[in-house]
Each structure stands twice: as structure tokens, then as C-alpha cells.
Amino acid sequence: MVAEKEEDESVCKRLDEARKAKAAKGEYTGYGSPAFGQKSLDGKLVEDAAEQQIIELIRRHHKSGKSLQRIADWLNFHGYKTKRGQQWKKISVKRVLDRLYGKSTRVSGVIKMNTSEQSRGTGNPDSSTD
């Protein structure tokens, strides 16, 4: 029983160290789905161009003074969906804005790619945003 517990702890420690090493290299560690505006491509977090356009719409509406609920309503009216294909809610808009303005640390290690690189599925690792 004690040996099994020690083995479990050893495995957990190795997995944790491996995840930290991946994250330090800007690679996606697989905790949940990537944040809105990102996707995993070949083990790296990269910007999702379509979601980045929605983030820009959210940013512009927010800067113009619209409430979170009005932004969500506008997105829903125009057929925009969340990452999981759901209707927008004010909390979803708030989370996007929090990441955008640095109130959340979830966005890290994202590689920016131009549209032609995304369509080919390649990225330039030298263009990291960190």
C-alpha cells in the first residue's frame, strides 16, 4: 500500500514537471480547451484568426461604452458563437475582456501566425508573443 502511494506520487510529480517544461517552451499543456482566441496546433498554442476577429469586435464595442450584456446581445443577434458553439453571455464577454486587458494569466505562449501560415498549418516559432 505504501509502495503504491509512493509510485502514484512519483508519477504525479513527473507529469507535473513535464507539463511545466512544456509550458515554459510555450507549448499547450492540455489543461482544458485553449482560451477563446487560441487553438492548439501541433502542440503549440496559436491564435485562431476567426476568434481573434470576434475579440476585436468585443474590444471595439466595449471601448464605445456598451455594457457586457449589450455586447453579448449584439454578438448573438449577428450569429457569433462562443468556442463551444453557445450563445454569448455577459460573463463570457467579461472573460474575453479580462484576458485581453491582462486581468487573467491564461493567455501565454501563443504564437501569432498570418493567415497563409494558418491555412498551411505551419507557424513561425520565432514570433512568440511572450
Side-chain angles (χ1 to χ4, degrees):
M1 194 65 124
V2 173
E4 289 176 4
K5 183 177 180 184
E6 289 176 0
E7 177 64 22
D8 288 347
E9 289 173 358
S10 175
V11 169
C12 289
K13 183 178 178 181
R14 286 192 317 264
L15 287 171
D16 189 49
E17 289 171 357
R19 285 185 191 106
K20 287 178 182 177
K22 276 183 90 172
K25 293 189 293 185
E27 295 180 8
Y28 180 53
T29 58
Y31 286 115
S33 64
F36 192 81
Q38 303 174 349
K39 64 183 176 182
S40 175
L41 183 65
D42 298 326
K44 301 271 188 198
L45 280 179
V46 297
E47 288 188 343
D48 182 304
E51 291 179 358
Q52 288 295 321
Q53 291 175 344
I54 297 170
I55 290 172
E56 178 58 19
L57 290 170
I58 291 170
R59 186 196 66 76
R60 285 191 299 179
H61 283 278
H62 182 253
K63 288 288 187 186
S64 75
K66 289 190 175 96
S67 70
L68 299 176
Q69 187 61 57
R70 282 192 63 198
I71 296 169
D73 292 343
W74 186 92
L75 291 167
N76 292 328
F77 179 79
H78 288 89
Y80 294 102
K81 301 288 184 188
T82 65
K83 183 176 280 295
R84 294 188 175 129
Q86 302 298 313
Q87 295 256 318
W88 284 89
K89 298 177 182 175
K90 65 182 179 182
I91 188 65
S92 307
V93 173
K94 181 184 184 316
R95 288 179 181 139
V96 168
L97 289 169
D98 284 350
R99 283 190 298 272
L100 182 65
Y101 296 125
K103 293 181 181 177
S104 171
T105 59
R106 184 164 180 199
V107 177
S108 65
V110 178
I111 297 172
K112 290 188 177 189
M113 297 187 330
N114 65 36
T115 307
S116 63
E117 288 173 327
Q118 284 185 333
S119 64
R120 290 191 317 264
T122 61
N124 180 356
D126 296 329
S127 62
S128 174
T129 60
D130 275 17

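All values below were derived from every heavy atom in this structure, side-chain atoms included, with hydrogens, water molecules and symmetry-related copies excluded.
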- Residues at least two apart in sequence or cross-chain that pass side chain to side chain donor-acceptor pair (under 3.5 Å) with K89, listed by chain then number, are none

- Task: Would you please test R14 and S10 for side chain to side chain donor-acceptor pair (under 3.5 Å) and show each step?
- Result: CA-CA 6 Å; R14 286 192 317 264; S10 175; 2.9 Å; yes

- Item | Side chains of I91 and K94 in contact at under 4.5 Å (non-hydrogen atoms) | yes

- Query: With Q69, which residues qualify under side chain to side chain donor-acceptor pair (under 3.5 Å), at least two apart?
  - Reply: D73

- Task: Kindly compute the distance separating CD (Q52) from NZ (K39), expressed to the nearest 0.5 Å.
- Result: 11.0 Å

- Message: So does Q38 get a backbone contact from the side chain of K83, meaning a donor-acceptor N/O pair under 3.5 Å?
- Response: yes

- Between V93 and L75, is any pair of side-chain heavy atoms under 4.5 Å apart? yes

- Is the count of non-hydrogen atoms from other residues, nucleotides or ligands lying under 6.0 Å from K20 atom NZ greater than 12? no

- Item | Over 12 non-hydrogen atoms of neighbours within 6.0 angstrom of CZ in R70 | no

- Query: Are there more than 12 heavy atoms of other residues, nucleotides or ligands under 6.0 Å from atom NZ of K66?
  - Reply: yes

- Check: I58 main-chain N/O paired with H62 side-chain donor or acceptor under 3.5 Å: no

- Task: Drop me the distance from I55's CD1 to R99's CZ, to the nearest 0.5 angstrom.
- Result: 7.0 Å

- CD1-NE2 distance between I71 and H61, expressed to the nearest 0.5 angstrom: 7.5 Å

- Would you give the length of the straight line joining atom CZ of F36 to atom CD1 of I54, rounded to the nearest 0.5 angstrom? 4.0 Å

- Side-chain donor or acceptor of Q87 paired with backbone N/O of N76 under 3.5 Å: no

- Message: Quick check: closest heavy atoms across K90 and A72, and the distance to 0.1 Å?
- Response: N-CB, 4.0 Å

- Task: Would you mind telling me which of L45, V46, D48 makes a side-chain contact (heavy atoms from CB on, under 4.5 Å) with P34?
- Result: L45

- Query: If you measure from CH2 on W88 to CH2 on W74, what distance do you get to the nearest 0.5 Å?
  - Reply: 11.5 Å

- To the nearest 0.5 angstrom, please state how far the OG atom of S92 sits from the NZ atom of K81. 12.0 Å

